[in-house]
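All chains are named by letter (A, B, ...) in the order of the sequence lines, taking the proteins before the strands, and each is independently numbered beginning at 1.
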Number of protein chains: 2
Amino acid sequence: MRELAVCGVLDADALRQFKESGPTVHYNAGDTVVFESDQATNVYSLTSGLLRLSKLLPDGRRQIAGFLFPGDFLGITMEEEHAFTAEAVAPSELCKFQRRQFDEFIERHPALERRLHAFAAHELAAARQQLVLLGRKTATERIASFLLMLEGHCHSVCANQEIAVPMSRADVADYLGLRIETVSREISRLKAHRVIQLTGRQSFRIVDRSRLKQMAEG
Amino acid sequence: MRELAVCGVLDADALRQFKESGPTVHYNAGDTVVFESDQATNVYSLTSGLLRLSKLLPDGRRQIAGFLFPGDFLGITMEEEHAFTAEAVAPSELCKFQRRQFDEFIERHPALERRLHAFAAHELAAARQQLVLLGRKTATERIASFLLMLEGHCHSVCANQEIAVPMSRADVADYLGLRIETVSREISRLKAHRVIQLTGRQSFRIVDRSRLKQMAEG
DNA sequence: CGTACATTTGATTTGAATCAACGTTGGTGG
DNA sequence: CCACCAACGTTGATTCAAATCAAATGTACG
């Protein structure tokens with residue numbers, strides 16, 4: 001579903017129109033694309049890179065609600081304001097549209113509308129799956145689930161079984177509802193038990209997938 | 001958004017057609033409407049009652065991903081299978097449609113399609129808000145947030161400030177990622193601190209809303 | 001009534017957080 | 001080139017919030 005980017009559902013002509021209807025904007029790692037509580041006046045389509053959607057509590061606790069990968073949309077919320085801050089985790093490119101232009105474009109292209117529907121439905125399913133993780137899973141189960149999720153995101157992309165962890169330990173912790181120390185400890189445990197193999201700080205290999213799946217429960 | 005039931009967006013004629021295109025089905029409290037992993041062959045529109053969406057882990061841990069109120073839809077998932085079990089919390093009535101009929105009907109009624117869009121967007125926002133609660137809030141904050149959420153669901157419905165808690169403590173616990181003992185203790189604490197007042201096991205009144213809001217953080 | 005179940009309350013345990021060093025890495029400038 | 005340093009990550013010791021274990025109390029219903 002995710003891999004169906006905009007270009008997959010529009011014919012060449014419509015695609016050209018689409019791209020032209022909004023400029024491409026670039027962000028460096030750490031840059032903020034939209035702030036929580038900003039007016040939702042634009043819609044974005046991520047073409048490359050990685051974004052995180054996060055929310056801060058008044059005392060600084062942070063929760064990451066999800067990551068956006070190429071092909072995902074940002075700002076299709078239907079609310080007046082954004083509920084989450086969107087920041088670039090890695091250098092990213094987005095197509096930026098005025099909401100009104102975007103809505104008009106959609107009306108003329110039912111295929112894009114279906115794509116948006118599918119995106120929203122997929123995001124909802126992913127968010128609910130994450131609710132189970134945050135509400136009921138142990139630290140070990142959360143890490144195992146997360147590593148398998150990362151694997152799922154690089155079908156053919158990742159060379160020779162090497163899976164990228166494109167975000168920092170702090171991001172992983174805030175996504176999984178844990179502290180960085182716990183993330184680090186649990187990863188070390190998986191390594192010690194020969195379930196995974198670290199091939200760098202930002203990449204790993206799965207040694208025993210069935211055990212990892214078992215540890216992720218579900 | 002929730003309060004805009006189907007009837008709010010269709011004219012009288014279209015509404016009659018809509019109701020006729022699927023039978024009304026009844027469920028008693030505790031009945032299962034759809035099982036997790038069932039084929040998603042039907043779409044439902046809840047007309048009265050209350051449903052819970054839940055998922056069980058192999059060892060019996062349960063997480064409730066959300067509750068469905070009148071006007072909400074069930075089964076618009078776009079996936080082959082349902083990801084969550086839907087059960088009636090109270091006696092409930094639903095309009096049941098074949099997915100194909102439903103899709104055809106939508107195509108002829110853009111207003112309904114917008115309603116579905118809004119519903120999906122609202123559910124996504126609610127799920128992400130719940131991610132913050134489950135990932136980062138303390139037991140006290142979770143209970144305070146939940147009680148305020150309940151208040152939000154009975155704008156004009158609830159007589160003289162009395163807010164209904166239409167589900168069991170076990171359901172509350174499994175929705176908030178806590179155990180029933182913790183839910184009970186935290187509610188007792190709020191009562192002891194004169195922040196709320198219990199008016200029955202299934203209902204309460206807010207005595208000090210600003211303090212409750214403060215306790216819910218955000 | 002009395003039985004079964006739901007809820008509350010109390011005592012103890014425990015998994016993850018917190019506090020505290022200690023390694024590692026990558027970028028910068030001498 | 002490599003020494004420095006700041007940011008990131010790991011590991012260890014201790015604490016704490018919520019879970020678990022264990023009754024007791026309240027409530028609905030045949």
Side-chain angles (χ1 to χ4, degrees), chain A residues 28-30 52 57 59-64 89-91 133-147 164-193 196-204 215 217, chain B residues 28-30 52 57 59-64 89-91 133-147 164-193 196-204 215 217:
Chain A
N28 293 318
R52 62 173 174 246
L57 293 182
D59 65 356
R61 281 173 288 174
R62 184 179 71 150
Q63 179 64 38
I64 292 178
V89 172
L133 182 146
L134 293 177
R136 290 299 179 215
K137 289 191 180 180
T138 64
T140 309
E141 290 162 0
R142 291 179 201 204
I143 295 290
S145 302
F146 179 71
L147 296 183
V165 184
M167 67 291 286
S168 70
R169 293 287 187 269
D171 284 344
V172 175
D174 286 346
Y175 181 58
L176 299 180
L178 300 170
R179 310 317 314 273
I180 46 178
E181 295 95 328
T182 304
V183 170
S184 183
R185 269 186 253 278
E186 292 299 331
I187 289 177
S188 296
R189 251 161 49 86
L190 287 175
K191 187 180 66 174
H193 288 66
I196 62 169
Q197 173 191 359
L198 296 187
T199 58
R201 271 205 303 193
Q202 304 266 97
S203 63
F204 69 100
M215 293 177 96
E217 299 269 302
Chain B
N28 294 318
R52 61 174 175 247
L57 294 183
D59 65 355
R61 281 173 289 174
R62 185 180 69 149
Q63 179 64 38
I64 292 179
V89 172
L133 182 147
L134 292 178
R136 289 299 179 213
K137 289 192 180 180
T138 65
T140 308
E141 289 162 1
R142 292 179 201 204
I143 294 290
S145 302
F146 180 70
L147 297 183
V165 184
M167 67 291 285
S168 70
R169 293 286 186 270
D171 284 344
V172 175
D174 286 347
Y175 181 58
L176 298 179
L178 301 170
R179 310 316 315 273
I180 46 177
E181 296 94 328
T182 304
V183 170
S184 182
R185 270 186 252 278
E186 292 299 332
I187 289 178
S188 297
R189 250 159 52 84
L190 287 175
K191 186 180 65 174
H193 288 66
I196 61 168
Q197 173 193 358
L198 296 187
T199 58
R201 271 207 301 194
Q202 305 266 97
S203 64
F204 69 100
M215 293 177 94
E217 299 269 304

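- Side-chain atoms of A:Arg61 come within 3.5 Å of backbone atoms of B:Arg136 as a donor-acceptor pair (strictly under, hydrogens ignored).
- Side-chain atoms of B:Gln63 come within 3.5 Å of backbone N or O of B:Asp174 as a donor-acceptor pair.
- Minimum atom distance to the side chain of A:Arg169 is reached by D:dG9, of the listed C:dT9, C:dA16, D:dG9.
- Between the NZ atom of A:Lys137 and the P atom of D:dA18 there is a distance of 22 Å, given to the nearest Å.
- Side-chain contact between B:Leu178 and B:Arg169 is absent, with no heavy-atom pair separated by less than 4.5 Å.
- Phosphate contact (OP1/OP2 of D:dA18, side-chain N/O of B:Arg185, threshold under 4.0 Å): absent.
- With rounding to whole Å, B:Glu181 atom CD is found 16 Å from C:dT13 atom P.
- Nucleic acid contact class of B:Gly177 (heavy atoms, under 4.0 Å, all strands): sugar-phosphate only.
- Here C:dT8 presents its P atom at 13 Å from CZ of B:Phe204, a figure rounded to the nearest Å.
- Note on B:Arg201: every side-chain N or O is 4.0 Å or more away from OP1 and OP2 of D:dG26.
- The distance between atom CD of A:Gln202 and atom P of D:dT10, rounded to the nearest whole Å, is 10 Å.
- A straight line from NZ of A:Lys191 to P of D:dG9 spans 14 Å, rounded to a whole angstrom.
- Closest to the side chain of B:Leu178, from the set D:dA19, C:dT7, D:dC21, is D:dA19.
- Distance from the side chain of A:Ser188 is smallest for D:dT10 among the nucleotides C:dT9, D:dT10, D:dA18.
- In this structure, CD in A:Glu217 is found 5.5 Å from CG in B:Asp59, a value given to the nearest 0.5 Å.
- Look at CD1 on B:Ile180: it is 13 Å from P on C:dT9, rounded to the nearest Å.
- Distance CG (B:Asp171) to P (C:dA6): 11 Å, rounded to an integer number of Å.
- In this entry the distance linking CZ of A:Arg61 with P of C:dA17 reads 13 Å, nearest Å.
- The phosphate of D:dA19 has OP1 or OP2 within less than 4.0 Å of a side-chain N or O from B:Thr182.
- Residues B:Leu190 and B:Met215 are in side-chain contact: their nearest non-hydrogen atoms beyond the backbone lie under 4.5 Å apart.
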